[in-house]
Amino acid sequence: MRLSRYFLPTLKETPAEAQIVSHRLMLRAGMIRQQAAGIYSWLPLGHRVLTNIARIVREEQDAAGCHELLMPTIQPAELWKESGRYEDYGKEMLRIRDRHERELLYGPTNEEMVSDIFRAYVKSYRNLPLMLYHIQWKFRDEVRPRFGVMRGREFLMKDSYSFDLDPAGARQSYNRMFVAYLRTFARMGLKAIPMRADTGPIGGDLSHEFIILAETGESQVFVHRDLVERDILGEAVDYESDLQPLVDSWTSLYAATDEKHDPIAFGALADGQRVEARGIEVGHIFYFGTKYSKPMGVTVQGPDGKPIHPEMGSYGIGVSRLVGAIIEASHDEAGIIWPETVAPFRVGLINLKPGDAGTDALCDDIYAALCSAGTEVLYDDREERAGVKFADMDLIGLPWQVVVGPRGAAAGRAELKRRKGGERHELDRDAVLERLLG
RNA sequence: CGGGGCGUAGCGCAGCCUGGUAGCGCGUCUGCCUUGGGCGCAGAAGGUCGUCGGUUCGAAUCCGGCCGCCCCGACCA
């Protein structure tokens with residue numbers, strides 16, 4: 001992508017409303033535009049990141065055996081009256097009426113609707129277990145939206161729902177999501193720690209929050225060092241196997257947010273094992289049994305011909321929140337530092353002197369080579385001063401920068417800079433490509 | 001939902017107290033210049049001062065209502 005033809009409205013100054021670093025950087029990097037309190041437009045750069053995060057989430061859900069569908073943002077009130085939540089949910093639920101005065105709502109979550117779909121089609125125990133998910137916009141009319149996309153009213157969420165025959169099966173589904181979440185966040189370059197959680201208005205008796213560590217996180221967390229240092233991506237996972245030992249290996253070590261913190265238990269850990277940090281909640285998983293299947297009349301026929309209420313769970317990831325959360329976890333004074341897996345472009349190519357034949361030629365050559373190799377490149381070919389280009393490129397945080405100036409170009413050389421850490425190497429054209437593609 | 005604050009050009013702000021010509025910086029546009037870290041010079045465009053009403057000869061400025069946004073706290077993917 002040539003920057004001269006792209007839509008990237010970066011800002012030199014920070015808009016006044018932004019308090020936290022991710023919000024400031026997202027506004028300055030031209031990723032989002034606020035349209036109302038807690039409601040944002042996603043501009044091209046932000047949209048790319050959002051899409052990349054959703055892609056990783058999707059791949060891991062699919063790998064864990066979930067099936068993607070797509071439910072609407074607007075739901076009929078009737079379903080929520082069946083479960084009893086139409087009254088219970090309170091003012092956080094945005095209620096609307098259509099022209100026929102029918103009661104509708106902008107969905108804050110989808111337990112009722114997925115239960116409706118399930119009960120319409122699934123009639124036999126033979127079809128269980130079943131896990132369905134979608135990635136869809138939600139609306140919760142928060143009293144006080146803040147922190148940019150970290151706590152918006154409209155937000156993009158991945159929500160999965162499991163249906164099982166019995167509690168043991170439900171536990172296995174829960175464990176699948178537990179492991180899938182660990183992998184999902186790890187792939188985004190995040191340290192995510194599962195912590196036992198309250199079940200909140202969703203209900204149920206088994207629940208974990210996934211908290212990622214970030215210096216600017218909202219809540220204080222206390223964790224065993226082994227959890228922080230563990231690399232889940234290095235461990236083979238077979239979703240068909242019993243995942244309980246793997247889950248236990250995570251839940252048996254100390255990890256708590258400040259609300260659930262037990263200073264005595266934490267203090268009992270050996271020196272060097274105690275990690276105190278700040279955290280941001282990016283995922284939450286629940287097992288809630290028949291809380292919805294019973295009132296909504298969801299049954300399948302068992303082997304003995306009798307009806308069985310499926311055991312259910314639901315599993316959420318804040319996809320749009322993750323964009324902010326990743327920035328909170330990965331930035332410096334100059335701007336964002338994207339992990340490669342979610343970066344809007346992998347490489348930023350800076351032409352320091354557009355119009356100079358040698359510089360243009362080398363840039364065009366490198367650009368074409370990277371593009372044809374399938375690497376996403378943002379090519380800064382603007383008529384701007386070097387400082388502007390460096391500042392913008394650092395701000396938007398692409399993992400790699402290739403800097404081509406007239407002096408180097410004359411010798412066929414360019415500078416390769418890694419955004420994270422900042423080390424640079426002057427290399428010839430082939431070596432640059434080798435480093436990036438090899 | 002309690003407490004506090006703010007709405008003046010795309011962004012950041014001054015002007016308001018003490019009523020009388022709407023300003024500054026950045027950004028944008030044009031030209032020149034410059035070209036390895038947000039240069040320099042010259043010119044230009046751009047504002048119903050959130051909104052409705054009141055006071056006044058006259059309101060960005062004083063008074064009241066409404067709307068919007070932000071911050072702190074209680075609550076949440």
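Chain letters run A, B, ... following the sequence lines, proteins first and then strands; every chain starts at 1.
Legend: salt bridge (charged side-chain N to carboxylate O under 4.0 Å, His left out) pairs involving residues 54-80 of chain A, not counting sequence neighbours, sorted by first then second residue: A:Arg55-A:Glu59, A:Arg58-A:Glu68, A:Glu59-A:Arg187, A:Glu60-A:Arg183, A:Glu60-A:Arg187. Among residue pairs with one or both ends in residues 20-44 of chain A, none qualify as salt bridge (charged side-chain N to carboxylate O under 4.0 Å, His left out); sequence neighbours excluded. Counting only residues at least two apart or in different chains, salt bridge (charged side-chain N to carboxylate O under 4.0 Å, His left out) contacts with residues 247-259 of chain A are absent.
Of the residues in residues 36-60 of chain A, those with a non-hydrogen atom less than 4.0 angstrom from any atom of RNA chain B are A:Ala36, A:Ala37.
Among residues two or more places apart in sequence or in another chain, the side chain to side chain donor-acceptor pair (under 3.5 Å) test is passed with A:Arg278 by A:Gln220. With sequence neighbours left out, the side chain to side chain donor-acceptor pair (under 3.5 Å) criterion links A:Ser4 to A:Asp381. Taking the salt bridge (charged side-chain N to carboxylate O under 4.0 Å, His left out) definition, one finds that A:Lys353 meets it with nothing, sequence neighbours left out. Applying the side chain to side chain donor-acceptor pair (under 3.5 Å) rule to A:Lys91 yields no partners; only residues at least two apart in sequence or on another chain are considered. Scored by the ring-ring contact (aromatic ring centres under 6.0 Å, His included) test, A:Trp338 finds no partners at all (sequence neighbours excluded). For A:Arg321, the side chain to side chain donor-acceptor pair (under 3.5 Å) criterion is met by no residue, not counting sequence neighbours.
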Kindly give the atom pairs (protein nitrogen or oxygen, nucleotide nitrogen or oxygen) under 3.5 Å for nucleotides 33-35 of chain B.
from: B:U34; atom 1: O2; to: A:Arg385; atom 2: NH1; distance (Å): 2.9

Is there any protein nitrogen or oxygen under 3.5 Å from a nitrogen or oxygen in nucleotides 1-10 of chain B, and what are the pairs?
from: B:C1; atom 1: OP1; to: A:Lys91; atom 2: NZ; distance (Å): 2.8

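For the atom pair OG of A:Ser207 and OH of A:Tyr287, the computed distance is 13.0 Å after rounding to the nearest 0.5 Å.
Checked by distance alone, A:Arg151 brings a side-chain donor or acceptor within 3.5 Å of a matching partner on the base of B:C76.
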